[in-house]
Amino acid sequence: MNISNIRKTDAKVANLVLKEEKRQREGMELIASENYVSKAVLEALGSVFTNKYSEGYPGKRYYGGQRFTDAVETLAIQRAQRLFGAEHVNVQPLSGAPANMIVYSALLKPGDKVLGMDLSHGGHLTHGHPVTLSAKIYTFIRYKTKADGLIDYQELEETAQKEKPKLMLAGFSAYTRQIDCKRFCDIAKRVGAISMFDMAHIAGLIAGKALPNPVPYFDVLTTTTHKTLRGPRGGMILCKKEFAQQIDKACFPGFQGGPHMNNIAAKAVAFQEALRPSFRAYAKQILKNAKVLELELKKHGFKIMFGRTDNHMVLVDVFGSKGVTGKEAETILDEIGITINKNMIPDDPRGPMDPSGVRIGVPAITTRGMKEKEIKQIAEWINAAIENRANKKIIARLHGEVIMLCKKFPLPC
Ligand code: DSN
């Protein structure tokens, strides 16, 4: 990345950018929610659109000078509509958590009930965890998965019938199975609830047609744009026409101020990339890589939660499998240049800062071009690092091997 101007004016920041670039280049990114953008997305992010205030929506702004911001936001919206077949799209949410909060504030009154997935069962903080602002405003009831890794839809319906939630929320940040969208939305309809899907983790797999599209089923969907979708950091809301006005008003002026137009320009570029046939091949390869990772880790004796993976990640009970905590596994893998995150497993007896599990995802390494052969090698390294965690010599050797492989698969940006 060219940072010649930062170098001239700010040696400290330049130095940090270069160090981070080296870390990314020589390391293996296996955090399931991370990815690498293209050079084109990075250019749009660094473009002069960053200078512009554009409160409002295309054609209805509060400030002048909006000819080109209107055009770029319209492009982003139209491309997102083509990608997902959505009736209405708002590309202004700054990220996933604000997007969820915007939907809640658009469609709920304080105290209203929401049925969302439990965090330790793969849900997300913003789906009702008590530490969040949304949980202080709305009443969240959480559903869980069964021992076989699936959602118990019968129990979900019983809870929904009993609690009569205003909103039923599907979606996850660590769940690895498919949601039965029709069944979920049928339950929501029967109890008179609005159906919502937070598809942040799998948006790119849906865009790339590797997973079925939930958009036709749900009333409202939220996503981030920087995970499997390979766009800039940001959020987006998709909904049926009948909710469009409420959602837009809740976003601006209800929740946010000026949209980040450089980010919206970068979203437009990313969506164009995701519309290309090559993106379908990419999404398909992610699923293949995740499956190989699951099978190889199982061979090495790791317990895979939810039975298996149907998407881009695996949740592994490292404590139950190898007697190492999630935090210890994260630290040891960091030492060999493999970045993952510790993660709760369903009803984890351990705490969130040192849970029993780790979450491992393949979108970023798939972007770098790694395939089945490399994934097998990575599973072997993960096992070797965890089993030999006390042996500094082996850890150093593994780190060297990781760097060698990374050098063969350069970053796209
Ligand atoms: N932090 C993101 C993740 O890792 O899944 C979601 O917010």
Side-chain angles (χ1 to χ4, degrees), residues 1-3 5-6 9-10 13 17 37-84 86-108 126 133-134 137 200 203 220-226 229-275:
M1 185 185 174
N2 179 6
I3 57 160
N5 289 295
I6 313 179
T9 61
D10 193 332
V13 170
V17 173
V37 295
S38 67
K39 282 195 166 74
V41 168
L42 209 52
E43 274 176 16
L45 264 179
S47 72
V48 290
F49 276 116
T50 199
N51 298 332
K52 190 70 193 119
Y53 252 126
S54 307
E55 286 97 331
Y57 290 99
K60 288 170 282 177
R61 306 278 190 190
Y62 284 81
Y63 299 174
Q66 307 288 353
R67 258 178 304 162
F68 307 113
T69 50
D70 277 7
V72 86
E73 186 166 343
T74 303
L75 263 183
I77 291 168
Q78 288 170 344
R79 289 174 180 174
Q81 283 176 315
R82 273 174 59 203
L83 266 182
F84 296 101
E87 290 178 15
H88 180 77
V89 172
N90 185 316
V91 292
Q92 293 194 4
L94 301 178
S95 204
N100 286 345
M101 196 63 187
I102 288 163
V103 174
Y104 302 151
S105 68
L107 307 177
L108 303 174
T126 60
L133 176 62
S134 47
I137 302 176
V220 191
L221 300 97
T222 54
T223 185
T224 48
T225 48
H226 50 269
L229 201 46
R230 286 197 60 205
R233 302 198 75 84
M236 174 161 75
I237 302 171
L238 306 87
C239 65
K240 297 213 186 303
K241 268 208 179 93
E242 60 187 288
F243 299 103
Q245 220 184 354
Q246 282 163 279
I247 294 288
D248 285 355
K249 270 174 87 174
C251 179
F252 177 83
F255 192 74
Q256 294 187 170
H260 295 182
M261 294 312 302
N262 57 323
N263 215 282
I264 288 176
K267 285 175 188 172
V269 173
F271 298 159
Q272 176 78 323
E273 290 174 356
L275 281 162

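Along the sequence shown, residues are numbered consecutively beginning with 1.
Remark: the backbone N or O of G235 is paired with a side-chain donor or acceptor of K267 at under 3.5 angstrom. Here the side chain of T225 pairs a donor or acceptor atom with the backbone of G234 at under 3.5 angstrom. Proximity of a side-chain donor or acceptor of Q256 to a complementary backbone N or O of L94 within less than 3.5 Å is detected. With S105 contributing its side chain and I102 its backbone, the two residues share a donor-acceptor pair below 3.5 Å. No donor-acceptor distance shorter than 3.5 angstrom exists from the side chain of E73 to the backbone of P58, with no hydrogens or angles considered. Using modelled atom types, no side-chain atom of R79 and backbone atom of Q272 make a donor-acceptor pair closer than 3.5 Å. In this structure, the side chain of D248 does not engage the main chain of N90 through any donor-acceptor pair within 3.5 Å.
The two residues S54 and T69 come nearest to each other via the heavy atoms OG-CG2, 3.5 Å. Heavy atoms only, all atoms of each residue included: A270 and G231 are closest at CB-CA, 3.4 Å. Counting all heavy atoms, side chain and backbone alike, G56 lies closest to Q92 at O-NE2, 2.8 Å. The two residues V89 and A80 come nearest to each other via the heavy atoms CG1-CB, 3.9 Å. Nearest heavy atom pair, residue A274 against residue L229, reads CB-CD1, 4.2 Å.
Looking at H226 and V41, their side chains never come closer than 4.5 Å, going by heavy atoms from C-beta outward. Taking 4.5 Å as the limit, some side-chain heavy atom of N263 sits within range of a side-chain heavy atom of L45. Contact of the P98 side chain with the F255 side chain is registered, since non-hydrogen atoms from C-beta on lie closer than 4.5 Å. The closest side-chain heavy-atom distance from F271 to V91 is below 4.5 Å. In this structure, the side chains of F49 and I264 stay at 4.5 Å or more apart for every pair of heavy atoms. With a 4.5 Å cut-off on side-chain heavy atoms, F252 and E55 count as touching. With a 4.5 Å cut-off on side-chain heavy atoms, K52 and Q66 count as touching. Counting heavy atoms from C-beta on, the side chains of Y62 and Y53 never come closer than 4.5 Å.
Looking at residues two or more places apart in sequence or on another chain, you find no salt bridge (charged side-chain N to carboxylate O under 4.0 Å, His left out) involving D10. A search for side-chain hydrogen bond (donor to acceptor under 3.5 Å, both in side chains) contacts involving E273 returns S38, not counting sequence neighbours.
The structure places OG of S134 at 5.5 Å from CE of M101, a figure rounded to the nearest 0.5 Å. Here the straight-line distance linking atom CG of L221 with atom CE of M236 works out to 9.5 Å at 0.5 Å rounding. Note that the CZ atom of F84 and the OG1 atom of T223 stand 6.0 Å from one another [nearest 0.5 Å]. To the nearest 0.5 Å, atom CE of residue M1 and atom CG of residue L42 are 4.5 Å apart. A distance of 7.5 Å separates OG1 of T222 from OH of Y104, quoted to the nearest 0.5 Å. Taking CZ of F68 as the start and CE of M261 as the end, the distance is 12.5 Å to the nearest 0.5 Å.
With a 6.0 Å radius and a threshold of 12 heavy atoms from other residues, nucleotides or ligands, R61 has its CZ atom above the threshold. Within a 6.0 Å sphere centred on CD of Q245, other residues, nucleotides and ligands contribute 12 heavy atoms or fewer.
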